[in-house]
Amino acid sequence: MRLYNTLTRQIDEIKPLKPPQITVYTCGPTVYDFAHIGHWFNYIRMDTLIRALKASGLQSKWVMNITDVGHLTSDADDGEDKLEKGAKREGKTAWEVAEFYTLDFLNGMKQLNMLEPDHIVKATDHIPEQLELIKKLGKKGFTYIIDDGVYYDTNKFEGYAAFAQLDLEGQEAGARVAINAQKHNPADFALWKFSPKGRQRDMQWDSPWGKGFPGWHIECSAMSMKYLGETLDIHTGGIDHVPVHHTNEIAQSEAATGKRFANYWMHGNHVMVNDKKISKSLGNGIRLQEIVKKGISPGAVRLHVLESHYRSQSKFSWESLEASHNTLKNFYAWTDLQFQSLSSEKLTADYTEALRAFKDDVLDDLKTPAALAIFNGMINRVEEFGADSAAVSKAIPIIEDLFGIGLSGRQDITEPQKNLIVQRKKARANGDWAKSDELRDQLTQEGIGLRDTPQGAIWVRL
RNA sequence: GGCGCCUUGGCGGAGUAGUUACGCAGCGGUCUGCAAAACCGCGUACACGGGUGCAAAUCCCGUAGGUGCCUCCA
């Protein structure tokens with residue numbers, strides 16, 4: 001298994017700390033609003049990573065977090081908490097908002113046939129762990145306290161900017177204005193924020209420094225270490241996390257433990273809708289529900305995601321989603337050959353080589369577009385091979401385990417339907433075209449189409 | 001303003017020097033009793049201008065357009 005590693009800026013061979021186990025932490029959603037197509041692209045890619053790791057023979061231990069507190073509307077630590085803001089918007093408490101959108105997200109994961117993480121962990125369930133970590137950082141001299149919270153002193157951490165290759169001085173020379181004069185350094189970030197004086201927050205906890213709530217970054221460090229140890233194998237997230245969130249996670253984690261936090265960092269690039277990034281102001285964040293409403297299956301969404309490489313800036317459009325939908329129908333037609341063995345002089349299909357190449361591509365930095373081209377090649381050889389149910393049956397799980405696009409679990413046609421096909425064959429042999437067409441029409445009405453090949457009739461679901 | 005990235009046929013999307021990527025859509029044809037989501041073929045695809053090379057979509061420089069981060073973002 002090879003993967004591009006943001007840490008080394010090259011494609012690395014994945015070597016887990018304790019094979020065959022491999023630990024993976026994925027930065028999950030902040031549950032203050034519905035997930036949109038961009039989120040799903042990202043999580044489907046992470047899901048594909050886990051599938052690839054399993055296919056390479058490793059046993060993954062996968063943790064995904066749910067950010068349900070502390071994610072501010074500004075990384076400068078002066079914005080509102082997104083959950084509290086969502087609560088205000090909807091006339092609910094922050095707790096209710098978090099629960100609602102968490103359920104919506106988990107439901108979407110199921111619809112999209114994503115593997116279940118071994119642990120889905122919420123920030124609010126791990127306040128003590130976060131406090132412990134902050135205390136540890138305090139003892140080591142990495143923190144300072146100002147009016148609105150406990151902060152991490154990025155100057156104390158050597159190589160703070162290295163991971164994201166940040167040019168901190170260049171950034172400061174830009175339009176950025178120092179927001180909080182008390183901060184020692186513009187890059188410093190809050191570990192613990194105090195509740196505003198005279199205002200009751202929905203979510204707040206006691207701490208040694210005062211009542212408040214955790215900063216956004218500390219949760220991932222605390223939960224990752226709790227479930228996966230001080231050093232984990234692969235940490236994943238959206239590409240936007242590189243300069244701030246993941247940079248800060250590394251700073252606080254490695255400062256606390258003195259150890260490498262994660263050996264591999266995988267980042268999914270963003271998706272553009274109509275060549276624009278997805279943003280609230282443009283209102284172009286398409287939801288899964290809208291897609292399903294148009295009669296497009298979640299499997300087609302998955303396929304659309306797999307059609308581009310995770311590190312490229314992909315595009316989403318209804319037109320291309322429609323194309324994926326059509327492609328998927330062709331895949332299913334091939335899959336249904338598992339129920340239809342037709343005698344062919346040219347004997348058996350041999351997908352052994354193709355399947356090996358398919359898997360190799362996916363395990364090589366998740367080159368899913370290349371793997372798809374190989375799969376298409378397999379499908380296009382039906383004429384050559386005839387329909388070989390055994391070969392198809394054998395190939396399906398290998399492809400499905402990696403792609404999860406719904407190739408498994410399909411149903412055979414019914415006995416009466418099979419009988420209609422047999423009767424039609426007889427009618428055709430007798431040259432009774434009227435009867436033959438009538439039977440074909442009947443099957444069409446039941447959603448079954450027919451293709452007459454030299455080996456006999458092949459049915460496809462319409 | 002600082003630091004990056006991208007530009008491939010109608011659409012999507014691979015491909016880092018010499019071979020048809022591939023898919024969807026379109027057009028033409030074949031097979032067929034008629035059909036077909038089946039088969040075959042077609043559209044002279046690589047933003048533009050220079051440069052290096054026997055050879056460039058693929059390397060270098062420039063131009064144009066787009067876009068990302070530095071502010072929230074998956």
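All chains are named by letter (A, B, ...) in the order of the sequence lines, taking the proteins before the strands, and each is independently numbered beginning at 1.
For A:Pro369, the side-chain atoms get nearest to B:A14 when compared with the rest of B:C22, B:C24, B:A14. The listed nucleotides are B:A37, B:G23, B:G68; the one nearest the side chain of A:Val460 is B:A37. Comparing B:G33, B:C24, B:A36 against the side chain of A:Arg424 picks out B:G33 as the nearest. You'll find that the side chain of A:Asp437 is closest to B:G33, out of B:C11, B:C22, B:G33. If you check B:A14, B:G23, B:A35 against the side chain of A:Ser308, the one that comes closest is B:A14. With B:G33, B:C22, B:A35 as the candidates, the nucleotide lying closest to the side chain of A:Ala373 is B:C22. Among the nucleotides B:C22, B:C34, B:A74, the one closest to any side-chain atom of A:Thr30 is B:A74. For A:Trp433, counting side-chain heavy atoms from C-beta on, the closest listed nucleotide (B:G33, B:C24, B:C34) is B:G33. Listed candidates were B:C34, B:C69, B:A74. Nearest to the side chain of A:Pro243 is B:C69. The side chain of A:His309 sits closest to B:A14 out of B:G33, B:C69, B:A14.
Here the separation of B:G13 from B:A45, taken at their C1' atoms, is 12 Å to the nearest Å. Nucleotides B:C22 and B:A36 have their C1' atoms positioned 23 Å apart, rounded to a whole Å. Spacing of P atoms, B:G10 relative to B:U19, comes out at 22 Å, to the nearest Å. The separation of B:U58 from B:A47, taken at their C1' atoms, amounts to 15 Å, rounded to a whole angstrom. B:G62 sits 15 Å from B:U52 when the C1' atoms are compared, rounded to a whole Å. Between B:U8 and B:G23, the distance separating the two C1' atoms is 15 Å to the nearest Å. Between B:G12 and B:G4, the two C1' atoms lie 25 Å apart (nearest whole Å). Nucleotides B:G41 and B:A56 have their C1' atoms positioned 29 Å apart, rounded to a whole Å.
Contact detail for A:Asn65 and A:Cys27: the closest heavy-atom pair is OD1-CA, 3.2 Å. A pairwise comparison of heavy atoms in A:Ile286 and A:Phe316 identifies CD1-CE2, 3.3 Å as the closest pair.
For A:Ser436 against B:G33, a side-chain-to-base donor-acceptor contact under 3.5 Å is present. A donor N or O paired with an acceptor N or O is not found under 3.5 Å between the base of B:C31 and the side-chain atoms of A:Arg451.
Atom NE2 of A:His245 and atom C1' of B:C69 are 17 Å apart (whole Å). Atom NZ of A:Lys329 is separated from atom P of B:A38 by 12 Å (rounded to the nearest Å). Atoms NZ (A:Lys315) and P (B:G10) sit 13 Å apart, rounded to a whole Å. Spacing between atom CZ of A:Phe375 and atom P of B:G13 amounts to 21 Å, rounded to whole angstrom units. In this structure, A:Glu307 places its CD atom 15 Å from P of B:G15, rounding to the nearest Å. The nearest whole Å value for the distance from the CG atom in A:Asn269 to the P atom in B:A14 is 11 Å. Straight-line distance from the CG atom of A:Leu303 to the P atom of B:G13: 13 Å, rounded to whole Å. Summarising the geometry, the separation between CG on A:Asn248 and P on B:C69 is reported as 17 Å, rounded to the nearest angstrom.
At the phosphate of B:A14, OP1 or OP2 sits under 4.0 Å from a side-chain N or O atom of A:Ser312. The shortest distance between the side-chain N/O atoms of A:Lys367 and the OP1/OP2 oxygens of B:A14 is not below 4.0 Å. Distances shorter than 4.0 Å separate some side-chain N or O of A:Asn330 from OP1 or OP2 on B:C24. At B:A25, one or more side-chain N or O atoms of A:Asn326 fall inside 4.0 Å of OP1 or OP2 (strictly under the cut-off).
In this structure, A:His325 reaches neither bases nor backbone, as no heavy-atom distance under 4.0 Å exists between it and the strands shown. Using a 4.0 Å heavy-atom cutoff across all strands shown, A:Arg428 reaches at least one base atom of the nucleic acid. Contact annotation for A:Leu450: base contact, defined as any heavy-atom pair under 4.0 Å involving a base atom. Using a 4.0 Å heavy-atom distance criterion, A:Gly268 is classed as making no nucleic acid contact. Residue A:Gln313 is in sugar-phosphate contact alone, with no base atom involved, counting any heavy-atom pair closer than 4.0 Å across all strands shown. Within 4.0 Å of A:Val271, counting heavy atoms only, lies at least one base atom of the nucleic acid.
Under the 90° criterion around 0 for the glycosidic angle, B:G53 counts as syn.
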*Quick one: the dot-bracket string of RNA chain B, using Watson-Crick and G-U wobble pairs with both distances under 3.5 Å, [ ] for crossing pairs and | for bases paired to another strand.*
(((((((..(((.....[...))).(((((.......)))))....(((((..]....))))))))))))....
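Salt bridge annotation for A:Arg424-A:Asp452: present, with a cationic side-chain nitrogen under 4.0 angstrom from a carboxylate oxygen. Salt bridge annotation for A:Asp365-A:Arg2: absent, with no cationic side-chain nitrogen under 4.0 angstrom from a carboxylate oxygen. A salt bridge links A:Glu353 and A:Arg356; the closest N-O separation between the charged side-chain nitrogens and carboxylate oxygens is under 4.0 Å. Classification of A:Asp412 and A:Lys418 as a salt-bridged pair holds, one side-chain N sitting under 4.0 Å from a carboxylate O.
Here the side chain of A:Lys61 pairs a donor or acceptor atom with the backbone of A:Tyr227 at under 3.5 angstrom. Checking side-chain atoms of A:Glu400 against main-chain N and O of A:Gly406 turns up a donor-acceptor pair under 3.5 Å.
When each of A:His119, A:His246, A:His235 is checked for a ring pair (Phe, Tyr, Trp, His ring centres under 6.0 Å) with A:Tyr25, only A:His235 meets the rule.
In this structure, A:Arg287 is positioned above the aromatic face of A:Phe34, its NZ or CZ under 6.0 Å from the six-membered ring centre and within 45° of the axis.
Going from atom CZ of A:Arg311 over to atom CD1 of A:Ile11 covers 5.0 Å, rounded to the nearest 0.5 Å.
Position along RNA chain B of the nearest nucleotide to A:Ile37 versus A:Ser314 favours A:Ser314 as the more 5'-ward residue.
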